[in-house]
Protein chains: 2
Amino acid sequence: MDVQRLELLRELADRGSVTAVALATHRTPSAVSQQLKVLEREAGLPLTQRQGRGLVLTSAGRALARSATDIAVSLAKATALWDEFRNQASGEVSLVTFPTAGQMLLPGVIKHLGPGLVLNCADEDPELSDFPAFTAEYDIVLAHSMSGQLSWAGRGLRVVPLMTEPLDVGLPVGHPLAGRAWVAPRDLIGETWIGVTDGYPFERILHAIEQEAGARLSMSHRFADLALIESFVIAGLGIALVPRYTSGRGQPGRLVLTPLRGIESERQIVALMRPDRAERLAVRTVIEALRREASQVQQSHAAT
Amino acid sequence: MDVQRLELLRELADRGSVTAVALATHRTPSAVSQQLKVLEREAGLPLTQRQGRGLVLTSAGRALARSATDIAVSLAKATALWDEFRNQASGEVSLVTFPTAGQMLLPGVIKHLGPGLVLNCADEDPELSDFPAFTAEYDIVLAHSMSGQLSWAGRGLRVVPLMTEPLDVGLPVGHPLAGRAWVAPRDLIGETWIGVTDGYPFERILHAIEQEAGARLSMSHRFADLALIESFVIAGLGIALVPRYTSGRGQPGRLVLTPLRGIESERQIVALMRPDRAERLAVRTVIEALRREASQVQQSHAAT
DNA sequence: ACGTCCATGTAGACAGACTAAACAGTTCAT
DNA sequence: ATGAACTGTTTAGTCTGTCTACATGGACGT
């Protein structure tokens with residue numbers, strides 16, 4: 001029962017193909033296949049099964065892969081303890097984010113990171129992305145979900161809530177509602193909306209508004225990029241739901257954010273991690289920095 | 001941070017010398033030394049330190065060895081889960097016992113053990129033995145202690161209580177006290193005692209009797225072997241404290257066991273294990289059998 | 001039927017952990 | 001004081017095991 005081999009099985013469970021595992025672990029597919037074969041012989045019963053041209057785990061294989069995760073976690077815990085002992089958060093940490101969260105949090109985080117800790121960031125369009133899948137590739141995945149709704153529970157991932165960001169109604173200067181301290185769903189009937197592509201949390205809130213107001217909303221466009229949506233709103237082509245902390249940066253003063261009452265209108269920004277990676281000291285350090293930065297952003301907005 | 005190397009460090013912590021580790025792991029001392037050197041280089045700071053002609057762990061080394069134990073435990077847990085999955089308790093289990101407990105429990109345990117599980121037993125004289133030290137060599141160590149008093153707490157060992165066995169006063173047939181249902185400490189003043197060698201739990205009870213009765217006891221001999229003590233008692237050379245469930249087998253009917261009241265007179269029989277070994281399915285199975293057997297012995301004596 | 005995508009065999013190269021033997025320091029006895 | 005016996009370490013060389021490179025054999029889509 002070699003740990004390395006078990007790790008390979010776990011990777012197979014995460015990535016779904018021998019080739020992907022080989023790529024991720026800097027090996028040839030042949031090597032992976034051979035090691036899995038040895039593991040299977042040691043285990044005493046089939047762990048994998050051919051399906052089409054691919055390979056899937058048997059129930060036994062999944063069970064063993066779960067155990068492999070436990071081992072990986074306790075191994076990571078041990079090395080983290082060791083790093084604490086020497087108090088140095090070693091190594092590199094990789095991170096993916098969706099654009100707005102990255103813009104809001106990452107610059108501040110990277111500035112306050114100690115030396116010897118390298119944070120490699122990347123961004124990924126949220127519309128077409130399966131956030132949990134990225135945890136195989138990156139140490140930390142910044143994702144968003146509706147409040148209360150844990151879309152990715154039960155996959156065995158570590159979920160750390162970072163902040164909840166209100167979603168306001170974005171209005172152009174001069175709009176009839178632009179002077180109001182807040183608006184209710186019924187105020188919004190008859191407006192033209194700039195929508196976002198499917199899969200966004202915004203979507204559900206719009207439906208909730210429709211439900212509450214008792215009328216359908218007219219949706220004129222569908223964009224993924226926030227800056228694009230904002231420019232349309234500013235141009236008077238419609239109104240939109242926009243995240244409070246990350247809106248209006250491009251053209252300050254020309255977009256009016258108005259809170260929406262009567263509906264819980266917010267998105268939750270969380271960090272997703274594979275449990276073993278979550279234990280690494282370097283990763284935990286970054287997570288801590290993210291939480292500090294998030295609460296700071298929230299406070300600075302509450303003050304104004 | 002290789003697991004095998006960490007395991008070696010852990011063994012060093014347990015056994016205290018490179019040679020001992022080499023012997024236990026079927027390697028040459030050279031191999032052990034080399035691997036420890038590699039580990040030290042990986043760890044980044046000294047783990048061992050020469051002391052005299054031996055080698056001791058630094059505080060850093062001890063810390064890392066502790067982590068290594070955690071890893072070993074979770075690894076053992078995983079393989080145990082796997083064995084459960086295939087429901088077969090694989091492999092061999094080694095056990096040491098002091099003579100009386102072995103005589104009382106082991107035959108019954110071995111009889112009811114399933115196939116494919118081999119139990120290797122050995123006995124060790126309890127007088128000169130440091131029970132915890134045997135956990136390095138054997139999977140299960142049967143040890144005894146005074147009730148309530150955990151002589152071997154805090155060493156990071158798993159302790160499973162098996163039974164508490166009363167210690168009665170052994171009298172020869174025809175002794176003035178032999179007809180009594182029970183005796184109190186004051187009844188025992190003036191008797192000549194057959195003692196046991198130092199370190200035995202018996203010792204403390206004798207002291208307690210002295211304290212309670214307010215008089216010193218005269219001790220004529222000191223033996224380790226129970227059968228020898230019994231034969232002296234039967235010969236009328238003195239009386240002795242003997243464990244209730246394992247006495248009088250050699251010459252039935254010639255030794256009278258009389259309960260001692262007014263003093264807690266019992267010994268606790270426990271199983272000692274290294275935490276990682278305690279997780280193995282085969283080991284857990286044996287422990288379960290031991291507990292069953294122990295409670296059965298206790299019940300059968302309570303019935304008479 | 002073809003090329004493409006998989007996983008898997010086979011042969012050989014390479015790395016790393018081992019043994020054997022010589023070495024160096026400490027302890028203890030004579 | 002000196003040698004014998006014990007530590008752990010170094011060196012050189014062997015060997016096991018994991019890797020790569022290349023070839024093979026199915027499964028899918030066109």
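None of these values were measured; they are calculated from a predicted model. Here is how names work: the chains are called A, B, and so on, in the same order as the sequence lines, proteins then strands, and each is numbered from 1.
A salt bridge links A/Glu137 with A/Arg15: the closest approach of a Lys/Arg side-chain nitrogen to an acidic carboxylate oxygen falls below 4.0 angstrom. With salt bridges taken as basic N to acidic carboxylate O contacts below 4.0 Å, one links B/Glu84 and B/Arg284. Salt-bridge check for A/Arg274 with A/Asp139: failed, with every basic side-chain N at 4.0 Å or more from each acidic carboxylate O.
For the pair A/Gln51 and A/Thr28, both in contact range of DNA chain D, the more 5′-proximal nearest nucleotide belongs to A/Thr28. Place B/Gln34 and B/Thr19 on DNA chain D by their nearest nucleotides, and B/Thr19 ends up nearer the 5' end.
One finds no side-chain N or O of A/Lys37 lying less than 4.0 angstrom from the OP1 or OP2 phosphate oxygen of C/dA7. Residue B/Gln35 places at least one side-chain N or O closer than 4.0 Å to OP1 or OP2 of C/dC18. Taking only side-chain nitrogens and oxygens, B/Arg5 comes nearer than 4.0 Å to OP1 or OP2 of C/dA17.
Between the side chains of B/Ser67 and B/Arg10, no donor-acceptor pair of N or O atoms lies under 3.5 Å. Between the side chains of B/Ser17 and B/Arg53, not a single donor N or O lies within less than 3.5 Å of an accepting N or O.
Rounded to whole Å, the distance from CD on A/Gln49 to P on C/dA7 is 15 Å. Rounded to an integer number of Å, the gap from CD of A/Glu40 to P of C/dG9 is 10 Å. Summarising the geometry, the separation between CG on B/Leu55 and P on C/dT27 is reported as 14 Å, rounded to the nearest angstrom. Between A/Leu12 atom CG and C/dC6 atom C1' there is a gap of 13 Å when expressed in whole angstrom units. When rounded to the nearest whole Å, the span between CG of B/Leu23 and P of C/dT19 equals 12 Å. Regarding A/Arg53, its CZ atom lies at a distance of 15 Å from the P atom of C/dT8, rounded to whole Å.
Protein chain B touches strand DNA chain D; the 5'-most and 3'-most nucleotides with an atom under 4.0 angstrom of its non-hydrogen atoms are D/dA5 to D/dT11.
Put simply, the side chain of A/Arg62 gets close to the backbone of A/Leu57: a donor and an acceptor are under 3.5 Å apart.
Closest to the side chain of B/Ser30, out of C/dT10, C/dT4, C/dT19, is C/dT19.
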